[in-house]
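Residues take their numbers from the sequence shown, with the count starting at 1.
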Amino acid sequence: MMKSHLPHAVSRLRSARLEKSTRPFLARGGPHGERCGGCRLILSHCLCALRPVVPTRAGVCLLMAEHETLKPSNTGWLIADVVPDTMAFGWARTEVDPALLAVLADPQWQPYVVFPGEFVAPERVVTELLPVKEEDHADSKRPLFILLDATWPEARKIFKKSPYLAHLPVLSLMPEQLSRYRLRRSKREENLCTSEVTALCLQLAGDTLAAQTLEAYLDVFTEHYLRAKLQQKLNWDDALHQRLRDLRLLASTSASLTKP
């Protein structure tokens, strides 16, 4: 089921992280630990043939903790699969990537740091995107959602120790359902994984098809990951896979209709 795709921002960041490593990284899985370079799953459960790509008006900027890119269960990778305008940067306390600062200063974007409002000064918190005047809609800035892709303690550290984020509005989401993510559990039950948070952001930005597709993609990825871990066969015709196929087809049809 393997299908080649060009490296995206998260895969490039992972490659850079591996190049800096002083020891080889050995992922578990398969008789010799072989994993697909495109989806990080063992080859028998490769997901690449089902990868959906959905153009969006919104963009995503991932600030990733040091080891997140190396974790096969990381869902930031799924976001970069689906959303073409996904940027990814490694976070370090003592330095900041100049390319990240350039993105934050780019006039095409209106950045939002996505973080729980209960930990932020009230004057910075927003629960909706900033309004756009109707007459300025054509030239309005595109929303850029900044996600802190890390464990909860790491995310709080990144938020507190990144002064270049201090002037940006903080988007506080109010999810109505608890996380369905089954690969890694947070100690805070209400916490969502990075992919789930991004889907909520895309929905808020009006990128509904991308939000639904990302949700379906996470469900299928989780199924593949857990079945690979348990050495179980996949049912490629079940409801999860069919929903993802339907959304991919809808995205492909919509893209062809909007082409000039």
Is E68 reaching over with its side chain to a backbone N or O of A65, donor-acceptor style, under 3.5 angstrom? no
Contacts of R142 meeting side chain to side chain contact (heavy atoms under 4.5 Å, CB included) (sequence neighbours excluded), chain-then-number -> R57, D85, Q108, W109
For the side chain of R40 and the backbone of N74, is there at least one donor-acceptor N/O pair under 3.5 Å apart? yes
Which residues share a ring pair (Phe, Tyr, Trp, His ring centres under 6.0 Å) with F115, sequence neighbours left out: W152, F159
Ignoring hydrogens and geometry, is there a side-chain-to-backbone donor-acceptor pair from R124 to H167 under 3.5 Å? no
Does L13 have any side chain to side chain contact (heavy atoms under 4.5 Å, CB included) partners at least two apart in sequence or in another chain, and if so, which? M64, T69, A88
Can you name the side chain to side chain contact (heavy atoms under 4.5 Å, CB included) partners of S44, sequence neighbours left out? I42
Side chain to side chain contact (heavy atoms under 4.5 Å, CB included) with C193: which of T198, T222, L218? L218
Counting distance only, does the side-chain N/O of R14 pair as donor-acceptor with the main-chain N or O of L70 below 3.5 Å? no
Could you list the residues that satisfy side chain to side chain contact (heavy atoms under 4.5 Å, CB included) with V96, not counting sequence neighbours? L100, L101, Y164
Is the closest side-chain heavy-atom distance between L63 and L165 below 4.5 Å? yes
Does S254 use its side chain to pair, donor to acceptor, with the backbone of A251 at less than 3.5 Å? no
Sequence-distant partners of H241, ring pair (Phe, Tyr, Trp, His ring centres under 6.0 Å), two or more places apart: H224, W236
